[in-house]
Amino acid sequence: MRSYFGRKFLIYGLTFFLAVTIDWMIPRFMPGDPITNMLANFSVSSTNSNAYAEMRAYYTQLFGLDLPLWQQYLNFWKSLFHGDLGISTSQFPTSVAAVLLRAVPYDIFLLVPGILLSWYAGNKFGAFAARSRWLDNTISPLGYILTATPYMWLGILLAWFFGIVLGIFPIAGAYSFNIVKPTLSFSFIRNLLWHWFLPFASLFLVGFGGQAIGMRNLIIYEIEADYSRYLEALGAPTRLIRKYAFRNAILPQITGLALSLGVVVAGALVTEVVFSYPGIGYQLLAAIQGQDYFLIQGCFLFIIIGVLLANFIIDITYIMIDPRTRRGMTGETA
Amino acid sequence: MKKQRNKNEFLYFALRNVKLLIGFSVILLFLITGLVGPLLAGNEPFAYVNPLGPQPPSAEYWFGTTFFGQDVFSQFAHGLQATFLVGILGGGIGTIIGILIGFVAGYRGGIVDEILNVFTNIVLVIPTLAVLLIIAAYFEVRSIFSESLFIGITAWPWAARAIRAQTFSLRTRDFVDLARMSGMKPLKIIFQEIAPNMMSYLVMTFILQFGGAILNAATLDFIGLGPTNAISLGLMMQHAVNWGALQLGHWWWFIPPGLAITAIVGALYTMNVGLDEVFNPKLRET
């Protein structure tokens with residue numbers, strides 16, 4: 001177990017290191033000049049060369065671009081550990097960390113139920129689909145279509161149909177725009193859930209399709225395995241065989257969940273854009289449109305940290321479920 | 001002689017596999033639309049052709065016109081071209097990197113495998129889109145080629161892992177040992193002995209990478225980090241959302257692009273299942 005964890009930590013540590021390095025490197029080594037772009041936004045007229053030069057000097061210093069590269073790199077890490085991700089230029093003078101911390105609860109609110117419920121329901125349905133040719137022929141194609149759907153398109157369709165055509169659900173924001181300050185009242189929570197439902201549903205449906213197909217394929221594979229055949233030969237009831245098959249198939253599905261996290265997170269980003277849901281995806285779009293480079297970099301780091309944490313939680317779950325990893329009996333290499 | 005028979009057998013089962021045929025037909029349909037469509041549409045994708053603004057589909061504008069009076073069909077057909085291009089280039093680059101790393105890691109084993117494995121796992125954990133975003137955000141002028149390149153170089157890890165596992169199991173087989181004993185060079189062994197034996201696997205990897213690249217490109221385009229000055233299906237959806245197509249009920253603007261992506265990617269997945277059945281006799285329906 002220790003070596004299993006050690007290996008995982010090594011991977012996560014290196015990943016974090018690499019991600020931070022990418023985050024530091026890209027603005028500095030890419031063609032083009034972020035400061036010029038940023039200044040272009042401020043409508044500091046280039047005829048007023050005095051103000052322009054002053055602003056330029058200010059930002060060069062803010063970025064720390066006047067220092068030697070190794071110093072810039074060290075400073076980047078130093079400020080990172082102080083939780084300092086810079087100042088958002090599009091939402092001046094709020095700090096990037098503050099903007100993102102305000103957005104994160106909405107992401108958690110959307111992603112955690114979306115991932116867990118689609119995983120649970122997808123597995124149940126997938127195992128169910130493997131039961132008969134008829135069920136398989138209806139559930140599998142549906143699963144393939146859902147998992148092939150781009151998140152934003154499903155979001156657009158749901159918003160259009162349930163929001164505009166039927167007029168049941170709101171299609172923008174996390175709560176009604178006329179609510180000035182969120183309160184912990186029943187009506188506010190109802191309003192919150194009302195706005196949450198459609199973005200959640202589009203995340204849920206796409207995830208559901210993928211999980212159902214994965215489970216269905218695994219069950220088919222497990223039922224062909226030697227132990228299932230042996231049980232069958234012994235005359236064990238089909239229900240028992242299916243139960244064992246399910247328990248064996250759930251392990252790769254947990255690993256699969258970790259691997260699909262990146263896709264789900266990307267899906268959440270665009271879903272938030274469609275529904276103007278104020279999570280990181282929405283902030284990211286605003287940052288891109290306002291060329292707010294500090295905020296873009298901050299979004300990147302927050303996404304990486306979130307995915308690493310989720311991976312870590314999945315690892316712990318895996319160890320709790322599979323006793324072999326605890327006793328070091330398996331040559332798990334990932 | 002034997003090769004000829006194998007080929008015929010493959011064709012025999014391929015032509016009788018409904019999934020493969022359906023998937024292939026759908027892809028072909030969209031490919032033809034993408035190739036011929038721009039000629040039929042006559043209008044430039046961004047040209048303001050309809051002075052009346054947004055109009056539902058009609059004989060003149062097959063898919064209607066946008067808020068600004070642009071021809072949706074023309075945008076759609078040009079967008080399809082971009083989609084296929086990104087799929088082929090991005091999927092191709094991802095597959096090639098995956099194959100190279102997978103072969104080397106699986107065949108060499110030992111410390112090389114260990115290092116490549118750690119590297120693969122690191123890239124695997126990082127969410128692809130996050131990296132694509134940060135790269136694209138700093139690129140002022142973006143083309144379909146640069147987009148495909150970046151998608152390809154972030155999408156290979158799972159392919160490398162799968163190919164490594166396959167190579168690993170093949171490299172201890174007798175025929176590979178025999179080739180090694182007869183003094184064949186490692187590179188030659190990989191491409192003449194190992195690769196042909198997992199050709200079906202490599203084809204399927206490419207198909208999945210193709211689909212993945214299309215979805216990734218659509219996401220990037222939708223966020224506004226796609227190619228600058230080129231139309232794409234993702235960009236069409238972004239414009240539709242930005243200019244109130246939902247609220248105004250301009251369904252002809254946002255349904256075709258998403259439907260095309262879903263159909264193409266779904267058809268690719270279906271083809272893959274079909275190919276699996278053709279290549280693997282155990283899965284064939286009797």
Enclosure of [X] [atom1] (heavy-atom neighbours >12, cutoff 6.0 Å):
{"X": "Arg108(B)", "atom1": "CZ", "value": "no"}
{"X": "Tyr282(A)", "atom1": "OH", "value": "no"}
{"X": "Trp158(B)", "atom1": "CH2", "value": "yes"}
{"X": "Phe84(B)", "atom1": "CZ", "value": "yes"}

Test item: Leu215(B) and Tyr151(A) side chains (from C-beta on) under 4.5 Å apart, heavy atoms: no
Within a strict 4.5 Å, meaning less than it, do heavy atoms of the Thr262(B) and Trp153(A) side chains meet? yes
From [X] [atom1] over to [Y] [atom2], what is the distance, rounded to the nearest 0.5 angstrom?
{"X": "Met152(A)", "Y": "Ile261(B)", "atom1": "CE", "atom2": "CD1", "answer": "5.5 Å"}
{"X": "Ile134(B)", "Y": "Met25(A)", "atom1": "CD1", "atom2": "CE", "answer": "11.0 Å"}
{"X": "Phe16(A)", "Y": "Ile122(B)", "atom1": "CZ", "atom2": "CD1", "answer": "13.5 Å"}
{"X": "Leu246(B)", "Y": "Phe161(A)", "atom1": "CG", "atom2": "CZ", "answer": "13.0 Å"}
{"X": "Leu225(B)", "Y": "Ile296(A)", "atom1": "CG", "atom2": "CD1", "answer": "7.5 Å"}
{"X": "Leu308(A)", "Y": "Ile126(B)", "atom1": "CG", "atom2": "CD1", "answer": "8.0 Å"}

Shortest non-hydrogen separation from [X] to [Y] and the atoms involved:
{"X": "Gly262(A)", "Y": "Pro127(B)", "value": "CA-CB, 3.9 Å"}
{"X": "Gly266(B)", "Y": "Ala148(A)", "value": "N-CB, 3.3 Å"}
{"X": "Gly258(B)", "Y": "Pro150(A)", "value": "O-CD, 4.3 Å"}

Given heavy-atom pairs under 4.5 angstrom as the criterion, report whether the side chain, backbone, both or neither of [X] touches chain B.
{"X": "Ile213(A)", "value": "neither"}
{"X": "Leu269(A)", "value": "side chain"}
{"X": "Leu146(A)", "value": "neither"}
{"X": "Val265(A)", "value": "neither"}
{"X": "Ile145(A)", "value": "both"}

By a 4.5 Å heavy-atom criterion (distance strictly below it), what part of [X] contacts chain A: side chain, backbone, both, or neither?
{"X": "Val125(B)", "value": "both"}
{"X": "Val123(B)", "value": "neither"}
{"X": "Thr219(B)", "value": "both"}
{"X": "Leu259(B)", "value": "both"}
{"X": "Ile255(B)", "value": "both"}
{"X": "Ile223(B)", "value": "both"}

Using side chain to side chain contact (heavy atoms under 4.5 Å, CB included) as the criterion, point out the one residue from Thr15(A), Leu14(A), Leu10(A), Ile11(A) that pairs with Asn121(B). Ile11(A)
Return the option, out of Thr147(A), Ile22(A), Asn217(A), Leu154(A), with the maximum number of heavy-atom pairs under 4.5 Å with chain B. Thr147(A)
Leading residue by heavy atom contact count with chain B [cutoff under 4.5 Å; candidates Ile288(A), Ile156(A), Val273(A)]: Ile156(A)
Is the ring pair Phe254(B)/Trp160(A) parallel, tilted or perpendicular, if the boundaries are 30 and 60 degrees? perpendicular
Please identify, among Leu133(B), Thr128(B), Thr270(B), the residue contributing the most non-hydrogen atom pairs under 4.5 Å to chain A. Leu133(B)
